[in-house]
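Some notes on the structure that comes next.
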Amino acid sequence: MISIVVVAALAMLVLITQAGVLFLQRAYPAQGKMIEVTGATLHVVDIGPRDAAGPPIVMIHGASSNLQVMRRPLGDMLASRHRVLLIDRPGHGWSTRARNEDSTPAIQGRMIDEALGKLGVNSAIFVVHSWAGALGALMALDHPQRVAGLVMLAPVAYPWPGGVGQYNKIITTPVIGPLLAYTITLPLGYFLAEPGARGVFLPRTMPDGFVQTSATPLLLRPREFIANAYDLVTLKQAVREQAPRYADIKVPAVVISGDSSDKTVSTSIHSRPFATAVPHAKLIVLPNVGHMVPNTEPELVIREIETMIGDLARNTAAAAHQAAASDRPLT
């Protein structure tokens, strides 16, 4: 009798989860185009004028989120003057990936590089947040032709003490993880999403309606929740392997982080040493900002992006002038 009750309860939770998935996908539909790449289908929202001066801006979100976190308000504000491409990382939002194990910055960076090639984006400024800081840094190393500059917002870049939450390890455990993801994660997570988001904004106040406007509940779908867990449990080893290469980054970089008020990603462990290691990096540390820099400091981020675009244009013009001068015949 106990077994029958347990099986019936699990079956009911599976049905509730599937109904919840359908509800969430209707509430937060895809808004961009689907780009097929090796091992994944990427959802890309392409906004702003295509003929804008300067390189386009590619925006990539962190863990437990999707491209809407980068779009509102920052992406929409940038799109008034620039071409902006917002990408759901593989397995997140409306992007899918064939294998949960394709979770590292190296693999996801290759997928994003392939998608941008198909979109005709040869070189762009990458604006990356949190988990995607590691991805942006590695793309500047592995795909330098694609990266004109880096704007790192509260980035992860180095290994850190401790782990990433025991539940992530449980979700990546065979059998047990999928069982939990397809039964209790969505109904339980629905009630925990808002307080969890409020915690990431501290000490700032989360904007009203943020959970809804950012489509955060999409994370609770089983396939995305599992993909997110894999991203988190494999990240520490990934940054341990790539961190010694940061001195080889050639492009300009701006790192904008909160001070010790960021309890999600330590500025002392990540942003400060990254800015020291990268030859052309600028570090901005903001007091009492917390982790959600793209949402709480969009004006500052835009000013730094505009400055970088201007510097790139001047450097390009100076290089062209120097090349033309060297080609003039001697008289």
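The first residue in the sequence is number 1, and the count goes up from there.
Contact of the Phe210 side chain with the Arg72 side chain is not registered, since no non-hydrogen atoms from C-beta on lie closer than 4.5 Å. Inter-residue side-chain proximity for Leu188 and Leu186 is flagged as unmet; no heavy-atom pair is nearer than 4.5 Å. With contacts defined as side-chain heavy-atom distances shorter than 4.5 Å, the pair Ser271/Leu283 qualifies. The shortest distance between side-chain heavy atoms of Val58 and Ile125 does not fall below 4.5 Å. Side-chain contact between Leu74 and Asn295: absent, with no pair of heavy atoms (C-beta onward) separated by less than 4.5 Å. Taking the side chain as every heavy atom from C-beta outward, Ser257 and Pro155 approach each other to under 4.5 Å. Residues Pro161 and Ile269 have side chains in contact (heavy-atom distance under 4.5 Å, counting atoms from C-beta outward). In this structure, Leu42 and Ile112 have side chains that are in contact, with non-hydrogen atoms separated by less than 4.5 Å.
A salt bridge is defined here as a Lys NZ or Arg NE, NH1 or NH2 lying under 4.0 Å from an Asp or Glu carboxylate O, and Arg303 with Glu306 fails to meet this definition. No salt bridge links Asp262 with Arg204; every basic N to acidic carboxylate O contact stays at or beyond 4.0 Å. Using a 4.0 Å cut-off between charged side-chain N and carboxylate O, Asp311 and Arg314 make a salt bridge. Between Glu194 and Arg198, at least one side-chain nitrogen of the basic residue sits less than 4.0 Å from a carboxylate oxygen of the acidic one, meeting the salt-bridge criterion. Residues Arg110 and Asp113 are not paired through a salt bridge, judged by the lack of any N-O separation under 4.0 Å between the basic side chain and the carboxylate. Using a cut-off of 4.0 Å between Lys/Arg side-chain N and Asp/Glu carboxylate O, Asp231 and Arg97 are scored as salt-bridged.
For Tyr182, there are no ring-ring contact (aromatic ring centres under 6.0 Å, His included) partners at least two apart in sequence or on another chain. A search for ring-ring contact (aromatic ring centres under 6.0 Å, His included) contacts involving Tyr230 returns nothing, not counting sequence neighbours. Evaluation of the ring-ring contact (aromatic ring centres under 6.0 Å, His included) rule for His270 yields no partner, not counting sequence neighbours.
For Met34, the CE atom counts as densely surrounded, since its 6.0 Å shell holds more than 12 non-hydrogen atoms of other residues, nucleotides or ligands. Within a 6.0 Å radius of CZ in Arg223, more than 12 heavy atoms belonging to other residues, nucleotides or ligands are found. With a 6.0 Å radius and a threshold of 12 heavy atoms from other residues, nucleotides or ligands, Leu15 has its CG atom above the threshold. Annotation: Lys169, atom NZ; neighbour count of heavy atoms from other residues, nucleotides and ligands within 6.0 Å does not exceed 12.
Judged by distance alone, the side chain of Asp88 and the main-chain N or O of Trp94 form a donor-acceptor pair under 3.5 Å. With hydrogens and angles disregarded, no donor-acceptor distance shorter than 3.5 Å links the side chain of Thr183 to the backbone of Leu13. Between the Glu297 side chain and the Val289 main chain, no donor and acceptor come within less than 3.5 Å of each other. Although no hydrogens or angles enter the test, the distance criterion places no donor-acceptor pair under 3.5 Å between the side chain of Lys250 and the main chain of Pro279. Looking at Lys33, its side chain never comes within 3.5 Å of a backbone N or O of Val45 through a donor-acceptor pair. The backbone N or O of Val128 sits nowhere less than 3.5 Å from a side-chain atom of His61 that would complete a donor-acceptor pair. Of the possible polar contacts, one joining the Glu114 side chain to the Thr38 backbone as a donor-acceptor pair under 3.5 Å is found.
From Asn122, atom CG reaches atom CZ of Arg146 across 6.5 Å, with rounding to the nearest 0.5 Å. If you take CD on Gln68 and CZ on Arg71, they are separated by 6.0 Å, rounding to the nearest 0.5 Å. Annotation: the span from Leu119 atom CG to Arg83 atom CZ amounts to 6.5 Å, rounded to 0.5 Å. Interatomic distance, Leu153 CG to Leu300 CG, rounded to the nearest 0.5 Å: 9.0 Å. Residue Glu36 holds its CD atom at 3.0 Å from OG1 of Thr41, rounded to the nearest 0.5 Å. Distance check, rounded to the nearest 0.5 Å: CG of Leu78 to CD1 of Ile302 gives 4.5 Å.
Grouping the Ile, Leu, Val, Met, Phe, Trp and Tyr side chains by contacts below 4.5 angstrom, directly or via other members, places Leu86 apart from Val37. Two different hydrophobic clusters hold Val147 and Ile57 under the rule that ILVMFWY side chains link at heavy-atom gaps under 4.5 Å. With hydrophobic clusters built from ILVMFWY side chains whose heavy atoms lie under 4.5 angstrom apart, Ile309 does not share a cluster with Phe126. Criterion: ILVMFWY side-chain heavy atoms under 4.5 Å apart, direct or through other members. Under it, Val293 and Val200 are not part of a common hydrophobic cluster. Under a hydrophobic-cluster definition in which Ile, Leu, Val, Met, Phe, Trp and Tyr are linked whenever side-chain heavy atoms come within less than 4.5 Å, directly or via other members, Val127 and Val285 are assigned to different clusters.
In summary, the aromatic rings of Tyr246 and Tyr158 are positioned with their centroids under 6.0 Å apart.
For the residue pair Gln145 / Ser123, no side-chain donor-acceptor distance below 3.5 Å is found, with atom types taken as modelled. Under the 3.5 Å distance criterion, with hydrogens and angles disregarded, a donor-acceptor pair is assigned to the side chains of Ser214 and Thr216. Checked by atom type, the side-chain pair Thr234/Ser103 shows a donor-acceptor distance below 3.5 Å. Defined by atom type and a distance below 3.5 Å, a donor-acceptor pair is present between the side-chain atoms of Gln237 and Arg240. Looking at Asn228 and Ser64, their side chains do bring a donor and an acceptor atom within 3.5 Å of each other.
Between His291 and His129, the ring planes are tilted. Angles from 30° to 60° get that label.
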